[in-house]
2 protein chains.
Amino acid sequence: MRGSKVYIALLHYPMYNKNRDIVTTSITNLDLHDIARAARTYDVDGFYVVHPSASQQNLIGEILAYWQDGYGGLYNEDRREAFRLLKLKEDLKSVVDDITAGTGKKVYAVATDASPYANCISYSQLKTEVFNSDKVYLLFFGTGWGMAQKILDQCNYILEPIYGAGDYNHLSVRSAVTIIMDRLLGDFWYCR
Amino acid sequence: MRGSKVYIALLHYPMYNKNRDIVTTSITNLDLHDIARAARTYDVDGFYVVHPSASQQNLIGEILAYWQDGYGGLYNEDRREAFRLLKLKEDLKSVVDDITAGTGKKVYAVATDASPYANCISYSQLKTEVFNSDKVYLLFFGTGWGMAQKILDQCNYILEPIYGAGDYNHLSVRSAVTIIMDRLLGDFWYCR
């Protein structure tokens, strides 16, 4: 059993676009589904979708209403169970405040990025911490072409990139979140 | 370096629906994107999308044309590189024939399922085989509520289910494929 609490957040601002300008990205419906399902599978304590724009917040609200309280959740109870973990916030500070209010503990912020940094923490180091400490972790994930440097600068840890079998590292954020949950929070399949 | 060749196939017939009737499922655009990107990341030798219906084959053809030869691939070269791995086939037999023709070797069929079976192979057993043998493997994945029993009966191996942190196992097929690629073909992060 894991000793710590682990939350995840999906960010849409400030992100880079293809030309490395700072932009706000749009919501992708299947990001919410796939990440909520993975979060429920790996017993994540909460999944925050973070967006600064009122119109996109309304869209998220409609999706949530359909799956949390509407026909979607009646038709597919497993999906409702996954969507129960999802909360909408307007910025990262509100996420940290919400977790702090709920746990009464310091939040350790863990950024994820497809590029390597000098002070990266490895999956096995962080997995050991997560299973053996009673700390509170918040892992956050970017969209578009990745999160702005200033977010990376604010975090306590940067998780090492996912290495596949070469130098191609263009997984979807849905795939990256799922792999990271599986590595950090999943069972110890490599010991069987 | 991996010694074997590994192919994957995404099946849409014969699948179960929610009531365990046999059905044909529809193509999901992001299945193609996410699985192609994961396949490229983990150096999979080919990704087959298998569908029996002419109209759905046309849809897949249009998506492929856009990303393999059209504007999509020009705008996003990484995506084109991923889509290059994707081939369309009408049934599983055509997939096996195509791989056999290309490799001249016997194809070992590996089914994946969310339910456990008595003769399951573990991830570490199959990873050891995949890295150390020069065999040819085809992993196939179902859609909808999972693949019909008769497909499972034809395969050489059934891979153990993905265990998260409890009994909830309702990952999207995109997530499941990605985790399985990461476990079987990914780097040995748990040794670092």
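Side chains included, hydrogens not; waters and symmetry mates left out as well; all remaining heavy atoms used. In what follows, chains carry the letters A, B, and so on, assigned in the order in which the sequence lines appear, proteins first and then strands, with residues in each chain numbered from 1.
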Checklist entry - What class does the angle between the rings of Y190(B) and Y190(A) fall in, given that below 30° is parallel, 30 to 60° is tilted and above 60° is perpendicular? => result parallel
Checklist entry - Do the side chains of L11(A) and V95(A) join up, straight or via other hydrophobic residues, at under 4.5 Å, putting them in one cluster? => result yes
Checklist entry - Measuring heavy-atom distances to chain A, does R2(B) have an atom under 4.5 Å in its side chain, in its backbone, in both, or in neither? => result neither
Item to check | Spacing of I179(B) atom CD1 and M181(A) atom CE [to the nearest 0.5 Å] | outcome: 10.0 Å
Next on the checklist: For N19(A), is the CG atom crowded, meaning more than 12 foreign heavy atoms sit under 6.0 Å from it?
Outcome noted: yes
Next on the checklist: Would the distance check show the side chain of K18(A) and the main-chain N or O of Y75(B) forming a donor-acceptor pair, the cut-off being under 3.5 Å?
Outcome noted: yes
Item to check | Joint hydrophobic cluster, L10(B) plus W67(B), side-chain heavy atoms closer than 4.5 Å | outcome: yes
Checklist outcome for this item: Value for CD1 (I162(B)) from OG1 (T41(A)), rounded to nearest 0.5 Å, stands at 8.5 Å
Item to check | Heavy-atom proximity to chain A below 4.5 Å, by part of D182(B) | outcome: side chain
Checklist entry - Is atom CZ of R20(B) surrounded by more than 12 heavy atoms (other residues, nucleotides or ligands) closer than 6.0 Å? => result no
Checklist entry - Has F141(A) got more than 12 heavy atoms of other residues, nucleotides or ligands less than 6.0 Å from its CZ? => result yes
Next on the checklist: Does any backbone or side-chain atom of A82(B) lie under 4.5 Å from a heavy atom of chain A? Answer side chain, backbone, both or neither.
Outcome noted: both
Checklist entry - Quick one: does Y168(B)'s side chain have a donor or acceptor within less than 3.5 Å of a partner on D78(A)'s backbone? => result yes
Checklist entry - Do you reckon I180(B) sits in the same ILVMFWY cluster as W189(B), going by side-chain contacts under 4.5 Å, direct or chained? => result yes
Checklist outcome for this item: So CG of L30(B) and OG1 of T28(A): to nearest 0.5 Å the spacing works out to 7.5 Å
Checklist entry - How long is the span from the CD atom in E81(B) to the NE2 atom in H170(A), to the nearest 0.5 Å? => result 7.0 Å
Checklist entry - Around atom CZ of F188(B), are there more than 12 heavy atoms of other residues, nucleotides or ligands at under 6.0 Å? => result yes
Item to check | Engaged part of I35(B) at the chain A interface, taking heavy atoms whose separation is under 4.5 Å | outcome: neither
Checklist entry - What are the two closest heavy atoms between Y163(A) and Y42(B), and how far apart are they? => result O-CE2, 4.2 Å
Checklist entry - Heavy-atom count around K5(A) NZ within 6.0 Å, excluding the residue itself: above 12? => result no
Checklist entry - Shared ILVMFWY cluster between V96(B) and Y7(B), side chains joined below 4.5 angstrom? => result yes
Item to check | Heavy-atom closest contact (L171(A) atom, A38(B) atom, distance) | outcome: CD2-CA, 3.7 Å
Checklist outcome for this item: Greatest number of non-hydrogen atom pairs under 4.5 angstrom with chain A, of D187(B), V177(B), L185(B), falls to D187(B)
Checklist outcome for this item: Between the CZ atom in R40(A) and the CG atom in N169(B), the distance rounded to the nearest 0.5 Å is 10.0 Å
Item to check | Between CZ on residue R37(B) and OG on residue S175(A), distance to nearest 0.5 Å | outcome: 7.0 Å
Checklist entry - With respect to chain B, which residue among M1(A), H33(A), E160(A), R79(A) yields the maximal number of heavy-atom pairs within a distance under 4.5 Å? => result E160(A)
Checklist entry - For atom OH of Y13(A), is the number of surrounding heavy atoms from other residues, nucleotides or ligands below 6.0 Å larger than 12? => result no
Checklist entry - Does K106(B) NZ have over 12 foreign heavy atoms under 6.0 Å away? => result yes
